[in-house]
2 protein chains.
Amino acid sequence: MRPKSLEKEEAIRSVALQIIAAEGLENLSMQKLAKAANISPRTIYLKYENKEDFLVKLFIDEVLGAYEAAVLLNFSEDMEFAEGVKLIWKNTFQYFKNNQHAFSLMQYGKSSPLLNNAYREKNIQEGQYFSPIRLFLKSHVRAGLIPKLPNQALRAMLFAPLFDLVNEYFEHTDRPKQVITAKVLTECCEAVIKGMIK
Amino acid sequence: MRPKSLEKEEAIRSVALQIIAAEGLENLSMQKLAKAANISPRTIYLKYENKEDFLVKLFIDEVLGAYEAAVLLNFSEDMEFAEGVKLIWKNTFQYFKNNQHAFSLMQYGKSSPLLNNAYREKNIQEGQYFSPIRLFLKSHVRAGLIPKLPNQALRAMLFAPLFDLVNEYFEHTDRPKQVITAKVLTECCEAVIKGMIK
DNA sequence: ACAAAGTAAGTAAATGTTCATTTACTTACC
DNA sequence: GGTAAGTAAATGAACATTTACTTACTTTGT
């Protein structure tokens, strides 16, 4: 029996992320993807049911899953508050810096209804998606260190600015001067922490 | 000479925003739009050069422009810091609460290369896009009230969480209980302000 | 009467997806 | 150790449909 080529699977996914980053999700077609990945269109359908199935799996596995793994590196839910937040900032920035294409599709997760639903379903089904962070926040709320707010509100406060900063970082990669420096990131992270602590 | 019908123009734009919000930008086609707006496809092309031209104008006029006008209502660049930030939060939330469809396309502005470029170009060309807010921030940096950070970083810190909260608000409109209440918004806004002030 | 606004029906090209077939590898026998 | 059968992987050409956009005509308001 002829074995499955992992390269092809890999190529499909990475080329798809490239196209999405360069031309947008709305300009990714299955035929264009196949041509760019040097495979037959049919091959994609051996691995995925249809375009929707492909996009959702790409988003969940390659973007959400990989990001979750990266962001939780060395993280523990019983870390000190400032320490934990700083680590998440550091991990997030480092990960996306090295995976710009994943970041592009991540952004689409907030726009596209398809991906948005996929995210919500994963969140509901698995229940424990990003659960270490949720528990981390919960325990610091209980301890009275940070205000009692809905989990999503806490996450918005702590991490939404970071995503905008990463976005801004990428907008400056092809310009003379990078404005999102390590110092800026540190200062921003500290401001966010200061704002949260009661 | 027969005058252009403003209703049709209006219908095209509002129906487009609806489709984008419901099915995503990647699922908006000119034919679908024409059918949904009860006009001939050709009519769209009487008003816009092509699809790209249409999308960019929709984004710039209907989303960015309208949002700018709404957010700057009663705003003045020489407001007190906390007062100014709170007003922007209030205006932003109010506007999007009443214009959910515009919010959807706004989110695409951060993903889609097409819209992203359009935004950047408008920002560069007009130079003074959202300029009252820029001047407002600049003056408070000068006064030493908030740290000297790049404009985009300041904006990320102050407003990125707000957009996530609006998004979260919409995710709860069809659920039993709204978690993003006025109280939550106020608390978040105050935390953001506290974090920024040196 | 005129000229622009608007339309229905069309175009070629591109879309998502499938068919019938070929390729490349494993395995079992001589 | 060579080889041929067996099998899943992979393919290129095709499918019906949809795409962005036009053509040729009708309607409308002055």
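Letters A, B, ... mirror the listed sequences (proteins, then strands); counts begin at 1.
- Comparing A:R42 and A:M30 by the nucleotide of DNA chain C that holds the closest heavy atom to each, the one mapping nearer the 5' end is A:M30.
- Atom OH of B:Y45 is separated from atom P of D:dA20 by 6 Å (rounded to the nearest Å).
- At the heavy-atom level, B:K47 lies under 4.0 Å from the strands shown only through sugar-phosphate atoms.
- Residue B:L28 is in sugar-phosphate contact alone, with no base atom involved, counting any heavy-atom pair closer than 4.0 Å across all strands shown.
- Rounding to whole angstrom units, CZ of residue B:F54 and P of D:dA20 are separated by 11 Å.
- Atom P of nucleotide C:dA12 and atom CD of B:Q31 are separated by 15 Å, given to the nearest angstrom.
- Checked against a 6.0 Å centroid threshold, the rings of A:F130 and A:Y67 count as neighbours.
- Both B:I197 and B:L154 belong to a common hydrophobic cluster when Ile, Leu, Val, Met, Phe, Trp and Tyr are linked at side-chain heavy-atom distances under 4.5 angstrom.
- Judged by distance alone, with hydrogens and angles left aside, A:S40 brings a side-chain donor or acceptor within reach of the base of D:dG12, the pair sitting under 3.5 Å.
- Counting heavy atoms from C-beta outward, A:M106 and A:F96 have side chains that approach closer than 4.5 Å.
- Counting to the nearest Å, the C1' atom of C:dG16 and the CG atom of A:L55 are 12 Å from each other.
- With respect to the salt-bridge test (charged N to carboxylate O, under 4.0 angstrom), the residues B:K183 and B:E187 qualify.
- Residues A:L46 and B:P41 each lie close to DNA chain D; by heavy-atom proximity, the contact nearer the 5' end of the strand is made by A:L46.
- Using a 4.0 Å heavy-atom criterion, one finds that A:I39 contacts the sugar-phosphate atoms exclusively.
- We find that CG of B:L33 is positioned 13 Å from C1' of D:dT19, with the value rounded to whole Å.
- Rounded to whole Å, the distance from CD on B:E49 to P on D:dT22 is 10 Å.
- When the C1' atom of C:dG6 is taken as reference, atom CD1 of B:I12 falls 11 Å away, rounded to whole Å.
- If you measure from atom NZ of A:K8 to atom P of C:dC25, you get 10 Å, rounded to the nearest angstrom.
- Cluster annotation: A:M79 and A:L145 are assigned to the same hydrophobic cluster (Ile/Leu/Val/Met/Phe/Trp/Tyr, side-chain heavy-atom contacts under 4.5 Å, transitive).
- Residue B:T43 is classed as a base contact, given a heavy-atom separation below 4.0 Å to a base.
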